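Below you'll find the structure, written out as structure tokens, and then a few comments.
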2 protein chains.
Amino acid sequence: MAWSTDNCTVGRTMAILGERWTVVVLREVFNGVRRFDDIRRHSGIPRQVLSNRLASLVEQDILRREPYRPESGGRTRHEYRPTAKGLDLYLVLVAVAEWGDTYLADPEGPPVEFVHRDCGEQVHPVVECAAGHRIDTPRDVVGRPGPGAKPFEG
Amino acid sequence: MAWSTDNCTVGRTMAILGERWTVVVLREVFNGVRRFDDIRRHSGIPRQVLSNRLASLVEQDILRREPYRPESGGRTRHEYRPTAKGLDLYLVLVAVAEWGDTYLADPEGPPVEFVHRDCGEQVHPVVECAAGHRIDTPRDVVGRPGPGAKPFEG
DNA sequence: ACGCTGAGTCTCGTTGACAGACCCAGATCG
DNA sequence: CGATCTGGGTCTGTCAACGAGACTCAGCGT
């Protein structure tokens with residue numbers, strides 16, 4: 001019972017995602033809203049915060065900053081797109097959105113639904129084990145020490 | 001193209017989960033670490049912060065506080081257990097842990113693995129649509145206005 | 001009576017969130 | 001030409017949250 005469940009990866013991940021707006025920014029970007037001002041208007045994030053968030057997401061290699069030439073001519077601008085590392089966060093995003101829609105949506109329902117492009121049905125996160133069993137309660141999941149576990153003395 | 005993808009539920013959810021330690025606390029509690037000092041020692045969360053987190057999670061009805069009588073006699077203490085609303089966050093937790101283990105683990109590997117209680121295989125989050133199609137890239141997911149969508153003027 | 005333990009609270013310096021004003025380059029208008 | 005608009009920022013100041021460390025307090029064991 002005394003291996004260290006140490007906050008390791010979850011703690012580190014939350015040091016990134018845990019900043020109030022990070023996940024919201026990712027949501028916009030996944031949704032195709034990729035330009036500074038568009039993101040800002042859609043989400044209501046304060047300029048400075050958005051600026052910081054974008055910069056640190058780029059630095060973490062979760063987004064990348066790409067120059068583009070606006071349709072209507074004009075100066076070169078930048079847009080933000082997810083990297084592979086960033087795309088892998090969509091599982092987190094879907095899980096967060098689902099929980100939020102279940103417990104925190106306005107009475108009318110959620111403002112956006114995520115649907116499967118091919119069939120139009122709503123998407124949901126589920127948990128499976130490597131043997132393909134569907135797991136629908138946390139009771140069926142147990143933690144156990146992994147390769148990086150360190151012994152733990154209370 | 002101009003419905004408001006407004007940060008609504010994701011934003012609200014992240015107002016809770018986005019506090020640096022919330023998810024770490026949940027991880028401990030799901031893992032069976034339920035007592036103040038055990039959580040603190042395992043995770044290294046500062047006392048005051050843990051105190052705040054636990055209080056607000058109880059207030060949000062994500063954890064509940066239950067009195068218990070320690071084995072070795074002594075005064076009545078409290079432990080923290082997830083409510084149904086809290087249990088539903090395990091999808092988020094699994095997704096966060098998976099991403100963290102993939103991208104942020106120490107070279108030796110993650111310190112804890114989550115496995116299926118019945119078969120011992122590792123668990124993974126996946127996304128499916130209501131029609132049962134497996135979705136493994138965010139490209140196959142599109143957002144569209146849901147019941148609570150509001151028209152949006154830039 | 002003395003110290004230990006679990007579960008906190010108090011204090012204080014540091015960092016992050018957020019609002020509001022300001023800046024700058026190129027396009028467009030009069 | 002100068003004035004103004006637009007996208008994408010930066011500067012400044014306030015207020016809340018974080019995090020370290022010391023202090024508290026009740027009951028138990030010795």
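On a predicted model such as this, the values are computed, not experimentally measured, just so you know. Lettering follows sequence order; numbering is per chain, from 1.
In this structure, A:E98 has no salt bridge (Lys or Arg N to Asp or Glu O under 4.0 Å) partners at least two apart in sequence or on a different chain.
Proximity of a side-chain donor or acceptor of B:T83 to a complementary backbone N or O of B:I62 within less than 3.5 Å is detected. A donor-acceptor contact shorter than 3.5 Å is absent between the side chain of B:T9 and the backbone of A:P110. Here the side chain of A:R65 pairs no donor or acceptor atom with the backbone of A:V58 at under 3.5 angstrom.
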* Sugar-phosphate atoms are those with a prime plus P, OP1 and OP2; base atoms are the rest. Using that split, label each nucleotide of nucleotides 6-17 of chain C B, S or - for protein heavy atoms under 4.0 Å, 5' to 3'. => BBBBBB-----S

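Under the 3.5 Å distance criterion, with hydrogens and angles disregarded, no donor-acceptor pair is assigned to the side chains of A:Y80 and A:R34.
Rounded to a whole Å, the CD1 atom of B:I45 is 9 Å from the P atom of D:dG19. Rounded to whole Å, the distance from CZ on A:R40 to P on D:dT10 is 13 Å.
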